[in-house]
Amino acid sequence: MLELKNINVSFRSERQDKVFGHTRQQVLFDVSFKVEDGKCLGILGESGSGKSTMGRVLCGLLKPDSGVAAIDGVSIYGSRAGRRTLQNKLSVVFQDYTSSANPRFRVRDIIGEGLTVRQRRENSKPDRAAETVSLLETVGLDSSYADRFPHELSGGQLQRVCIARAVACNPEVILFDEAISSLDAHTQVQVMDLLKELKEKFGLTYVFITHDLTSITYLCDDVLFLYQGHVSEYLPVEQISETKDEYARKLLDSIVVFDIGKDAV
Ligand SMILES: Nc1ncnc2c1ncn2[C@@H]1O[C@H](COP(=O)(O)OP(=O)(O)O)[C@@H](O)[C@H]1O
Ligand SMILES: [Mg+2]
């Protein structure tokens, strides 16, 4: 289980105060949530609301000012053991798949990065060629893709490769930060279907960060709305239409309008 408890994060702001020196800008305010094993939590918020900052806290890259981040009851920032537990259990897929894949690497080497992580961790020697083919198959690509470079793939294909790399580490949890946001709508649905399938197949737990409500209802069990660094709503996806939160309401209403528009055509 993954848990954030009363997380606060601030950054040193660029503005200099004559008397007090640098001031701090708070980005996350008292953020708490739990993700049970095998579940998917959607984090929804507009640009700048603190989603990626929260993601960095979750994946061990940013120590919060206060609060506890824990995986399976072990505090991530409490000890070196905590950090290690996390590294062993969590993989990340970022939005910017073009820069998160080395352009000089072939697909086999990109997936190989994930296999290396697993190898180091489990002290095992996976059959890299066979594993690569099987991971490619898992994400819906045939083995001929192994020799390609990132620029020889479509956005959706490259994101599949990044997903294969994340799965190659054999994680329990995968964090997706706007991982499908820059794909076209059709490809988004395909990749979400793939994510659903992988979640079932490997019993994975997901944290799915997005600014798009539709993908949340498609994939997630719970949804958390982040508004200017505050959790403004946090509830099971089935109850989303009952929300009283103003920001959540606004997003929901915009989708309803969109749907009616589509039906009218
Ligand atoms: N390393 C940093 N230093 C200073 N400010 C930062 C840093 N990272 C993020 N911020 C600020 O924190 C706020 C939230 O950013 P972010 O978490 O990236 O939002 P989101 O992912 O929801 O778009 C923004 O105002 C951003 O400028
Ligand atoms: Mg972000």
Side-chain angles (χ1 to χ4, degrees), residues 2-17 20-33 35 40-69 76-77 83 86 90-101 155 158-159 162-163 166 173-184 188 191-192 195 206-220 222-235 240 243 245-252 254-255:
L2 198 59
E3 185 175 15
L4 290 191
K5 222 159 48 189
N6 308 111
I7 296 287
N8 288 283
V9 171
S10 63
F11 293 110
R12 214 168 85 143
S13 78
E14 293 305 316
R15 256 178 312 137
Q16 273 251 21
D17 188 292
F20 301 108
H22 278 286
T23 53
R24 295 188 75 84
Q25 177 208 0
Q26 190 160 352
V27 173
L28 291 179
F29 300 82
D30 211 29
V31 170
S32 302
F33 62 73
V35 197
C40 177
L41 172 69
I43 311 277
L44 197 92
E46 55 200 36
S47 176
S49 57
K51 303 184 298 296
S52 294
T53 303
M54 198 214 63
R56 286 170 64 206
V57 171
L58 266 183
C59 60
L61 294 171
L62 180 71
K63 191 175 191 288
D65 301 351
S66 63
V68 177
I76 297 170
Y77 297 96
R83 204 70 75 93
L86 180 82
L90 185 135
S91 281
V92 190
V93 180
F94 291 106
Q95 163 171 31
D96 200 355
Y97 44 82
T98 45
S99 69
S100 69
L158 184 52
Q159 194 56 302
C162 290
I163 292 166
V173 184
I174 304 184
L175 170 72
F176 299 91
D177 188 349
E178 305 264 16
I180 61 165
S181 302
S182 47
L183 302 174
D184 62 79
Q188 280 193 1
V191 173
M192 279 193 292
L195 295 184
Y206 286 166
V207 176
F208 191 81
I209 295 178
T210 179
H211 60 264
D212 170 35
L213 185 60
T214 322
S215 51
I216 294 243
T217 53
Y218 200 76
L219 202 63
C220 302
D222 293 315
V223 55
L224 182 152
F225 289 82
L226 204 57
Y227 185 70
Q228 296 182 353
H230 298 265
V231 176
S232 71
E233 182 62 290
Y234 177 31
L235 76 187
I240 206 168
T243 182
D245 177 64
E246 203 178 313
Y247 170 60
R249 245 329 354 129
K250 227 187 255 172
L251 283 173
L252 274 173
S254 65
I255 285 202

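Atoms within each ligand, like the ligands themselves, are counted from 1 in listed order. Worth knowing before you read on, the calculation uses all heavy atoms, side chains too, and leaves out hydrogens, waters and symmetry mates.
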Engineer: Show me which atoms of ligand 1 lie under 4.0 Å from any heavy atom of Gln25.
Structural biologist: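 So the answer, numbered in order with elements, is 25 (O).
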
Engineer: Among Leu226, Leu41, Val31, Val223, find the residue that satisfies the side chain to side chain contact (heavy atoms under 4.5 Å, CB included) test when tested with Tyr234.
Structural biologist: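 Between Tyr234 and the candidates, side chain to side chain contact (heavy atoms under 4.5 Å, CB included) is satisfied uniquely by Leu41.
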
Engineer: What class does the angle between the rings of Tyr227 and Tyr247 fall in, given that below 30° is parallel, 30 to 60° is tilted and above 60° is perpendicular?
Structural biologist: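 The arrangement is tilted - the two ring planes meet at 30° to 60°.
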
Engineer: Are side-chain heavy atoms of Leu213 and Ile240 found at a separation under 4.5 Å?
Structural biologist: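 Side-chain contact under 4.5 Å: yes.
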
Engineer: Is any side-chain heavy atom of Leu195 closer than 4.5 Å to a side-chain heavy atom of Phe208?
Structural biologist: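 Heavy-atom side-chain distance check passes, below 4.5 Å.
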
Engineer: Just need the protein heavy atom nearest to atom 9 (C) of ligand 1, so name the residue and atom and give the distance.
Structural biologist: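 Among all protein heavy atoms, the one nearest atom 9 (C) of ligand 1 is Phe11 CE1, 3.5 Å.
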
Engineer: Heavy-atom distances under 4.0 Å decide this one: backbone, side chain, both or neither, for Glu46 against ligand 1?
Structural biologist: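 For Glu46, the contact with ligand 1 is made by the backbone alone.
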
Engineer: Are any of the N or O atoms of Arg12 closer than 3.5 Å to those of ligand 1?
Structural biologist: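 No, since none of the N or O atoms of Arg12 sits under 3.5 Å from an N or O of ligand 1.
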
Engineer: Is it the side chain (CB and beyond), the backbone, both or neither of Val27 that lies under 4.0 Å from ligand 1, heavy atoms counted?
Structural biologist: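 It is the side chain that gets close, since no backbone atom is under 4.0 Å.
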
Engineer: Among residues at least two apart in sequence or on other chains, which ones pass ring-ring contact (aromatic ring centres under 6.0 Å, His included) with Tyr77?
Structural biologist: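 Testing Tyr77 for ring-ring contact (aromatic ring centres under 6.0 Å, His included), a comparison that skips the adjacent residues, returns none.
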
Engineer: Any N/O of Gly48 closer than 3.5 Å to an N/O of ligand 1?
Structural biologist: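 Yes.
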
Engineer: Would you say atom 27 (O) of ligand 1 has a protein heavy atom nearer than 4.0 Å?
Structural biologist: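 Flag for atom 27 (O) of ligand 1 set to false, no protein heavy atom closer than 4.0 Å.
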
Engineer: Could you enumerate the protein N, O or S atoms under 2.8 Å from the Mg ion (ligand 2), written like residue then atom name?
Structural biologist: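 Those protein N, O or S atoms (cut-off: under 2.8 Å from the Mg ion (ligand 2)) are Ser52 OG.
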
Engineer: Are any of the heavy atoms in Gly45 under 4.0 Å away from ligand 1?
Structural biologist: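 Contact absent.
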
Engineer: Okay, side chain of Lys51, backbone of Glu46: is any donor-acceptor separation there less than 3.5 Å?
Structural biologist: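 Yes, Lys51 side chain to Glu46 backbone: donor-acceptor pair under 3.5 Å.
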
Engineer: With heavy-atom distances below 4.5 Å as the criterion, would you say the side chains of Val68 and Asn6 are in contact?
Structural biologist: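 Side chain of Val68 against side chain of Asn6, heavy atoms only: no contact under 4.5 Å found.
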
Engineer: Quick one, Phe33 and Val231 - any side-chain contact, counting heavy atoms below 4.5 Å?
Structural biologist: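 In short, these two side chains do not touch, never coming nearer than 4.5 Å.
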
Engineer: So do the side chains of His230 and Asp30 get within less than 4.5 Å of each other, counting heavy atoms only?
Structural biologist: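 Contact flag for His230/Asp30 side chains = no.
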
Engineer: I'd like to check whether Gly50 has a polar contact with ligand 1, where a contact means an N/O of the residue lying under 3.5 Å from an N/O of the ligand.
Structural biologist: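 Yes: some nitrogen or oxygen of Gly50 is under 3.5 Å from one in ligand 1.
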
Engineer: Yes or no, since that's all I need: does a protein heavy atom fall within a distance strictly under 4.0 Å of atom 4 (C) of ligand 1?
Structural biologist: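 Given the 4.0 Å cut-off, atom 4 (C) of ligand 1 counts as touching protein heavy atoms.
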
Engineer: In the protein, what heavy atom is nearest to atom 15 (O) of ligand 1, and what distance, to one decimal place, separates them?
Structural biologist: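 Protein heavy atom with the smallest distance to atom 15 (O) of ligand 1: Thr53 OG1, 3.8 Å.
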
Engineer: Just wondering, do His211 and Ser181 contact through their side chains at under 4.5 Å, heavy atoms?
Structural biologist: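 Answer yes - side chains close enough.
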
Engineer: Of all the atoms in ligand 1, which lie at a distance below 4.0 Å from a heavy atom belonging to Ser52?
Structural biologist: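 The atoms of ligand 1 under 4.0 Å from a heavy atom of Ser52 are 17 (O), 18 (O), 20 (P), 21 (O).
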
Engineer: When you compare the side chain of Glu233 with that of Leu44, does any pair of heavy atoms fall below 4.5 Å?
Structural biologist: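 No - every pair of side-chain heavy atoms lies 4.5 Å or more apart.
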
Engineer: What is the distance from atom CD1 of Ile76 to atom CG of Leu86, rounded to the nearest 0.5 Å?
Structural biologist: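 The distance works out to 4.5 Å.
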
